[in-house]
Amino acid sequence: GLKIVAIGGGSSYTPELVEGFIKRYDHLPVRELWLVDIPEGKEKLNIVGNLAKRMVNKAGLPIRIHLTLDRQQALQGADFVITQFRVGGLRARALDEKIPLRYGVIGQETNGPGGLFKGLRTIPVILDICKEMETLCPDAWLINFTNPAGMVTEAILRYSPLTKVAGLCNIPVGMKMSVAQMLQVEPERIHIDFAGLNHMVFGLNVYLDGQNITGQIIDRIAQGDTSGIRAKNIIDLGWEKEFIKALGILPCPYHRYYFQTEKMLAEEQEQARKTGTRAEVVQKVEAELFEKYKDPKLAAKPPELEQRGGAYYSDAACNLIDSIYHDRKDIQTVNVKNQGAIASIPHDSAVEINCVITASGPKPIAIGDLPIPVRGLVQQIKSFERVAAEAAVTGNYHTALLAMTINPLVPSDSAAKKILDEMLKAHQKYLPQF
Ligand code: NAD
Ligand code: G6P
Ligand code: MN
Ligand code: MN
């Protein structure tokens, strides 16, 4: 049987992961699931952990659930390590979203200044985990969900000797499911060629039963049916019809921040006034969820979890683990070392791309290159992620300022410096390297 470790085990998403392992138990025999958290997360860990135990009992399966604050004990002999933690919690996320807004800049957890700071807080922790894995479970796969997943994967590839690493996001699988729903066909009949970076990924071609239907999908989007490219956590302001036609490929929901910056900023500012930023909305959803989770009669994932942005995240994780374990050689979209799959991105950088999933890991499928109109933006975000990762590792102020300034959502050097200084101060507690 397998030993699986989930770091950030107190996450409200954990019941979905548990459900994923229960569903697949007949071919994916999980012997132990270790949920790891930190002292601040102990209460959440207990509530989620007890729900997980009830779920497993109800299913009548011999999966042993362990709850611990001792990460090293958990990592000992692990087969798969799933990371899904949030350094500083939702309070830090709220600052990431609010501070940039004061300077007229997008406030978002994985894009712009917010993404930079989530990375600065997260990367030292993930590199510590990698270091522990080198000795405690050198053969294990690290499957990272922790955002910003692209920047985090980039940092691991550059600053850790671990090679069994994959970054995951629910957006590609979510787009595939939504396109299937839009066409009212089984998801297995849809295939999308995904390539780009995390939260900067494009659907280059869409196929139904092997027939290229990209043009048809583009027309549907242009006509106003954006259901195939939405996410719960991102406001849908439609797309400029003629732009979508000109683009000719599927943008992901996060592209709105780059191609609709003004409108998205105005919308964020209004939401911040009316309901609070996304982190504040999520705080309420989470509080309600945990009240439900406490109910000793509850032994399943409640439907309210669907209000969160991470739909299908456990399918992404469980399918990846399943295909590595069984050497299935199927195609999944994963953040891995590029190795030439996208010509204009460095060989040793992380990309989000379709891969063949084998027992020796995900093998990226070469696409040639991205279309010229989006190539530059993707390269720019890659440069941003690299400089940001370097800043996270070195704690160098000037490197952080460079990262902030070259981000396309930040308009100037002086705005960058002001936002950087304010955010460094606000997040000081979680930035020991600075
Ligand atoms: P959350 O706030 O519930 O955090 C999960 C747990 O992490 C908490 O219980 C917290 O105590 C714990 N934690 C904080 N610091 C830790 C540390 N140093 N070590 C171990 N545990 C720690 O967050 P969430 O909303 O469940 O999201 C978790 C993470 O997953 C976030 O980084 C989020 O951005 C990411 N996420 C990614 C995707 C994706 O598509 N890649 C989807 C959903 C969520
Ligand atoms: C999407 C993204 C995740 C992100 C989440 C936010 O699913 O792919 O990377 O963490 O949304 O959802 P939330 O409900 O926390 O706003
Ligand atoms: Mn994501
Ligand atoms: Mn800039």
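All values below come from the heavy atoms of this structure, side chains included, with hydrogens, waters and symmetry mates left out. Each ligand, and each atom within it, is numbered from 1 in the order the structure gives.
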Exercise. With only distance considered, is Asp37 within less than 3.5 Å of ligand 1 through an N or O on each side?
Worked result: yes
Exercise. So which bit of Asn170 gets within less than 4.0 Å of ligand 1, heavy atoms only: side chain, backbone, both or neither?
Worked result: both
Problem set entry | ligand 1-proximal atoms of Glu286, by part, heavy-atom distance under 4.0 Å | side chain
Problem set entry | Check: Tyr258 main-chain N/O paired with Thr261 side-chain donor or acceptor under 3.5 Å | yes
Problem set entry | Nitrogen or oxygen of Gly88 less than 3.5 angstrom from that of ligand 1 | no
Problem set entry | Note, Asn354 side chain near His191 side chain (heavy atom, < 4.5 Å) | yes
Problem set entry | Protein heavy atom at shortest distance from atom 4 (O) of ligand 1 | Arg86 CB, 3.6 Å
Exercise. Nearest protein heavy atom to atom 17 (C) of ligand 1, by residue and atom, and its distance?
Worked result: Ile38 CG2, 3.5 Å
Problem set entry | Parallel, tilted or perpendicular: rings of Phe243 and Trp239 (30°, 60°) | parallel
Exercise. Heavy-atom contacts under 4.0 Å between Asn147 and ligand 1: side chain, backbone, both, or neither?
Worked result: both
Exercise. So, does Asp79 use its side chain to make a donor-acceptor pair with the main chain of Ile4 at under 3.5 Å?
Worked result: no
For this session: Ignoring angles and geometry beyond distance, decide whether Phe145 reaches within less than 3.5 Å of ligand 1 through its nitrogen or oxygen atoms.
Result: yes
Problem set entry | Of the listed options Ser11, Gly9, Gly41, closest to atom 26 (O) of ligand 1 (non-hydrogen atoms) | Ser11
Problem set entry | Heavy-atom closest pair, residues Val105 and Leu409 | CG1-O, 3.5 Å
Exercise. What protein N/O/S atoms sit under 2.8 Å from the Mn ion (ligand 3), by chain and number?
Worked result: Cys169 SG, His199 NE2
For this session: Taking side chain to side chain donor-acceptor pair (under 3.5 Å) as the test, write out the residues that go with Lys329, two or more places apart.
Result: Asp327
For this session: Would you kindly specify which portion of Lys44 sits under 4.0 Å from ligand 1, judged on non-hydrogen atoms: side chain, backbone, both or neither?
Result: side chain
Problem set entry | Arg308 neighbourhood, listing ligand 1 atoms whose heavy-atom distance to it stays under 4.0 Å | 25 (O)
Exercise. Among protein heavy atoms, which sits nearest to atom 43 (C) of ligand 1, and what does the distance come to when rounded to 0.1 Å?
Worked result: Tyr13 CE1, 3.6 Å
Problem set entry | Donor-acceptor contact below 3.5 Å, side chain Lys301 vs main chain Thr14 | no
Exercise. For the side chain of Thr83 and the backbone of Thr146, is there at least one donor-acceptor N/O pair under 3.5 Å apart?
Worked result: no
Exercise. At their closest point, which heavy atom of Leu116 faces which heavy atom of Ala400, and how far apart are they?
Worked result: CD2-O, 4.1 Å
For this session: Report yes or no: does Asn147 contribute a side-chain atom to a donor-acceptor pair with the main-chain N or O of Thr110 at less than 3.5 Å?
Result: no
For this session: Could you tell me whether Arg71 approaches ligand 1 through its side chain, its backbone, both or neither, with non-hydrogen atoms closer than 4.0 Å?
Result: neither
Exercise. Of Tyr312, Phe290, Phe85, which has the heavy atom at the shortest distance from atom 29 (C) of ligand 1?
Worked result: Phe85
Exercise. Does the pair Glu304/Lys292 count as a salt bridge with the N-to-O cut at 4.0 Å?
Worked result: yes
For residues 308-318, run the donor-acceptor check on the side chains, cut-off 3.5 Å, and write out each pair with its distance to 0.1 Å, sequence neighbours left out.
| from | atom 1 | to | atom 2 | distance (Å) |
| --- | --- | --- | --- | --- |
| Arg308 | NH1 | Ser12 | OG | 3.1 |
| Tyr313 | OH | Gln84 | OE1 | 2.5 |
| Ser314 | OG | Glu16 | O | 3.0 |
| Asp315 | OD1 | Arg24 | NH2 | 2.9 |

For this session: Please name the pair of heavy atoms, one in Ile106 and one in Pro113, separated by the smallest distance, quoted to 0.1 Å.
Result: O-CD, 3.9 Å
Exercise. Which ligand 1 atoms, with their elements, are less than 4.0 angstrom from a heavy-atom of Val125?
Worked result: 18 (N)
For this session: Establish, yes or no, whether a centroid distance under 6.0 Å links the rings of Phe202 and His255.
Result: yes
Exercise. Just by distance, do the side chain of Thr214 and the backbone of Val206 share a donor-acceptor pair under 3.5 Å?
Worked result: yes
Problem set entry | Any N or O of Leu168 closer than 3.5 Å to N or O of ligand 1 | yes
Exercise. Which ligand 1 atoms does Lys118 reach within 4.0 Å, using its non-hydrogen atoms?
Worked result: 31 (C), 32 (O), 34 (O)
For this session: Please confirm whether the backbone N or O of Glu186 pairs with a side-chain atom of Glu188, one donor and one acceptor, at under 3.5 Å?
Result: no
Problem set entry | Carboxylate-amine/guanidinium contact Arg158 Glu390, below 4.0 Å | no
Problem set entry | Proximal ligand 1 atoms for Ile7, defined as those under 4.0 Å from one of its heavy atoms | 20 (C)
Seminar exercise, completed: Honestly, for Asn198 the part within reach of ligand 1 (heavy atoms, under 4.0 Å) is neither
Problem set entry | Atoms of ligand 1, numbered as shown, that sit under 4.0 Å from any heavy atom of Cys169 | 39 (C), 40 (O), 41 (N)
Exercise. Can you name the nearest heavy-atom pair linking Ala149 to Thr153, along with the distance?
Worked result: O-OG1, 2.7 Å
Problem set entry | Residue portion contacting ligand 1 (non-hydrogen atoms closer than 4.0 Å) for Tyr313 | neither
Problem set entry | Main-chain N/O of Gly107 paired to Glu268 side chain as donor or acceptor, under 3.5 Å | yes
Exercise. With a 4.5 Å limit on heavy-atom distance, are the side chains of Glu97 and Glu280 in contact?
Worked result: no
With the criterion set at N/O pairs under 3.5 Å, what does the list of contacts between the protein and ligand 2 look like, atom names and distances included?
| from | atom 1 | to | atom 2 | distance (Å) |
| --- | --- | --- | --- | --- |
| ligand 2 | 7 (O) | Asn170 | OD1 | 2.8 |
| ligand 2 | 7 (O) | Asn170 | ND2 | 2.8 |
| ligand 2 | 7 (O) | Gly309 | O | 2.3 |
| ligand 2 | 8 (O) | Asn170 | OD1 | 2.5 |
| ligand 2 | 8 (O) | His199 | NE2 | 3.3 |
| ligand 2 | 9 (O) | Asn147 | ND2 | 2.7 |
| ligand 2 | 9 (O) | His199 | NE2 | 3.2 |
| ligand 2 | 10 (O) | Glu109 | OE2 | 3.1 |
| ligand 2 | 10 (O) | Asn147 | ND2 | 2.9 |
| ligand 2 | 11 (O) | Asn233 | OD1 | 3.2 |
| ligand 2 | 11 (O) | Asn233 | ND2 | 3.2 |
| ligand 2 | 12 (O) | Gly309 | N | 3.2 |
| ligand 2 | 14 (O) | Arg278 | NH2 | 2.7 |
| ligand 2 | 14 (O) | Arg308 | NE | 2.9 |
| ligand 2 | 14 (O) | Gly309 | N | 2.8 |
| ligand 2 | 15 (O) | Arg93 | NH1 | 2.8 |
| ligand 2 | 15 (O) | Arg308 | NE | 3.4 |
| ligand 2 | 15 (O) | Arg308 | NH2 | 2.8 |
| ligand 2 | 16 (O) | Arg93 | NH2 | 2.8 |
| ligand 2 | 16 (O) | Arg278 | NE | 2.6 |
| ligand 2 | 16 (O) | Arg278 | NH2 | 3.4 |

Exercise. Ignoring hydrogens and geometry, is there a side-chain-to-backbone donor-acceptor pair from Gln379 to Ser344 under 3.5 Å?
Worked result: yes
For this session: Could you tell me whether Gln84 and ligand 1 have an N or O pair separated by under 3.5 Å?
Result: no
Exercise. Against heavy atoms of Gly10, which atoms of ligand 1 measure under 4.0 Å?
Worked result: 9 (O)
Exercise. Quick one: does Arg93 get a heavy atom under 4.0 Å from ligand 1?
Worked result: no
